[in-house]
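What you are looking at is a predicted structure, and each value in this text was computed from that prediction instead of being measured. Chain A is the first sequence line, chain B the second, and so forth, proteins listed ahead of strands; every chain is numbered from 1.
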Protein chains: 2
Amino acid sequence: MAAVPRTTDKDGTPVPQRLLAAATRLFAEQGYDRTSVQEIVEAAGVTKGALYHYFGSKDDLLHEVYARMLRVQQERLDALADADEPVEKRLRAAAADVVVTTIEHLDDAMIFFRSMHHLSPEKNKQVRAERRRYHERFRALIEEGQQAGVFATATPADLVVDYHFGSVHHLSTWYRPDGPLTPQEVADHLADLLLRALRP
Amino acid sequence: MAAVPRTTDKDGTPVPQRLLAAATRLFAEQGYDRTSVQEIVEAAGVTKGALYHYFGSKDDLLHEVYARMLRVQQERLDALADADEPVEKRLRAAAADVVVTTIEHLDDAMIFFRSMHHLSPEKNKQVRAERRRYHERFRALIEEGQQAGVFATATPADLVVDYHFGSVHHLSTWYRPDGPLTPQEVADHLADLLLRALRP
DNA sequence: CCCGACAGACTAACCAGTCGGTATGTGTAA
DNA sequence: TTACACATACCGACTGGTTAGTCTGTCGGG
């Protein structure tokens, strides 16, 4: 009754997860189009038969990366935004948290912003919709602060969100784990810049 | 003595420029790998013979897009940074200008940030080097203001540059010409956010 | 004995770059 | 002024290599 396959030879990780991990790494390293299905299955120590047993297409694999990332980020944002704290604290926490988790999953982030257009149209639409939900939750925080008078209203909240997420997006371009700043330090600085920009 | 070909049938535009324009549009629309050389030459109204007469490879075409963009941006930054104005004004002008020119060449920008990894290693290195020059010129402006005491020193100048260019980078993801904001309005808002974040 | 979990050879399509060929304009020498 | 040589500007069929996805089959456990 092994509806979910328990393990396989090499290590203790189930095959679908091994495939997803291999694909994530390779997509981030070489790009989606430059990564062949053959490479993925070899890196995961299986064959094409296994991949197409668990996933419908190469595109599906990419979609899984997006779904995983979106799920994690949305959950974290919801938790932080719902906390019982003043709005400045909640925004700062959310702004810093997304930086830390992005850095912790830099491969995912790289794929996220670089390979959207490789998704099939419907999957692309779906990802955009979920992304919009996230964006709007974040925007609501800023608007709440603006209405409460603790944030400046000079800039539309939408633009502020795009400003901040631009810098998050950009992390995968420049951040190096062996650089001088820890993820938390970068996060604090970027959250600080956001809050400073919002001072009335 | 037509060292530079003057015109050709269809319109008055020389073939190399037609090819570059077609490639730029298609790369932005479909991505580099998804665009075949055949599509490019058809869009430009010529054949492969013409393309490989003027360009060494498909990769060369991509490199040209980068070179063009970098040249324009660097020239504009140099001019603005060298102006005889107080540093806040120069930084604001530079920050806003890069937004406007990025929006005006949104296809180039999209390609720029999405397709770096498709360049051959040497070309990639070259582009990175020029990009770094640009980055450092911008950083120097911020450091100048910090040393003069008109900008906050809470955040390292490098990080501030990445913060701003993240948002510039991000423009190609969300900005739509038919949206509510003109390029100049967006630029003013984003420059404003930067300057606000830098208030001591 | 049956089904899920794979294996791996195979196919049909595609694509970057090549290469021999053609056309057109220009400089030069008779 | 004509004739020839030659380079530039392009044409388009062809090649060699690659790839996503398929399909038939094997194997081990329940």
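- Note on ring orientation: taking the six-membered ring where Trp is involved, the planes of A:Tyr163 and B:Tyr163 are perpendicular (angle over 60°, cut-offs 30° and 60°).
- For the pair A:Phe55 CZ and C:dC6 C1', the interatomic distance rounds to 14 Å; values are reported in whole Å.
- Distances were taken from every side-chain heavy atom of A:Tyr52 (C-beta onward) to each of C:dG17, D:dC11, D:dA20; the shortest belongs to D:dA20.
- Near DNA chain D, meaning a heavy atom under 4.0 Å from it, residues 24-39 of chain A has A:Thr35, A:Ser36, A:Val37 in order of number.
- Scored by the ring pair (Phe, Tyr, Trp, His ring centres under 6.0 Å) test, B:Tyr32 finds B:Phe27, B:His118 as partners (sequence neighbours excluded).
- The salt bridge (Lys or Arg N to Asp or Glu O under 4.0 Å) analysis of residues 20-34 of chain B, with sequence neighbours excluded, yields the pairs A:Asp33-B:Arg34, A:Arg34-B:Asp33, B:Arg25-B:Glu29.
- A salt bridge (Lys or Arg N to Asp or Glu O under 4.0 Å) check over residues 39-51 of chain B, counting only residues at least two apart or in different chains, returns nothing.
- Taking atom CG of residue A:Leu51 and atom P of nucleotide C:dA7, one finds them 11 Å apart after rounding to whole Å.
- Listed by first and then second residue, the salt bridge (Lys or Arg N to Asp or Glu O under 4.0 Å) pairs involving residues 95-106 of chain B are B:Arg76-B:Asp97 (not counting sequence neighbours).
- A:Ile40 places its CD1 atom 13 Å from the C1' atom of D:dG21, with the value rounded to the nearest Å.
- In this view, B:Thr47 satisfies the side-chain contact (heavy atoms from CB on, under 4.5 Å) rule with no residue, not counting sequence neighbours.
- Phosphate proximity of C:dC6 to A:His53: absent, as no side-chain N or O sits under 4.0 Å from OP1 or OP2.
- Among pairs with a residue in residues 136-152 of chain A, those fulfilling salt bridge (Lys or Arg N to Asp or Glu O under 4.0 Å) read A:Asp78-A:Arg137, A:Asp82-A:Arg137, A:Arg90-A:Glu144, A:Arg132-A:Glu136, A:Arg139-A:Glu143, A:Arg139-A:Asp158, at least two apart in sequence or across chains.
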Pairs under 3.5 Å (N/O, protein and nucleotides 24-27 of chain D):
none

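- Atom CG of B:Leu61 is separated from atom C1' of C:dG17 by 14 Å (rounded to the nearest Å).
- With sequence neighbours excluded, the residues forming a side-chain contact (heavy atoms from CB on, under 4.5 Å) with B:His189 are A:Thr155, A:Pro156, A:Leu159, listed by chain and number.
- Within a heavy-atom distance below 4.0 Å of DNA chain D, no residue of residues 120-127 of chain B is found.
- To the nearest angstrom, C1' of C:dA5 lies 13 Å from CZ of A:Arg18.
- Look at A:Asp192 and A:Arg92 and you find a salt bridge, because one of the NZ, NE, NH1 or NH2 atoms lies within 4.0 Å of a carboxylate O, short of that distance.
- For B:Tyr134, the ring pair (Phe, Tyr, Trp, His ring centres under 6.0 Å) test picks out B:Phe165, with sequence neighbours left out.
- Taking the side-chain contact (heavy atoms from CB on, under 4.5 Å) definition, one finds that A:Phe113 meets it with A:Arg131, A:His169, sequence neighbours left out.
- In this structure, the CD atom of A:Glu42 is 14 Å from the C1' atom of D:dT18, given to the nearest Å.
- The base of D:dA20 is paired with the side chain of A:Lys48 by a donor and an acceptor separated by under 3.5 Å.
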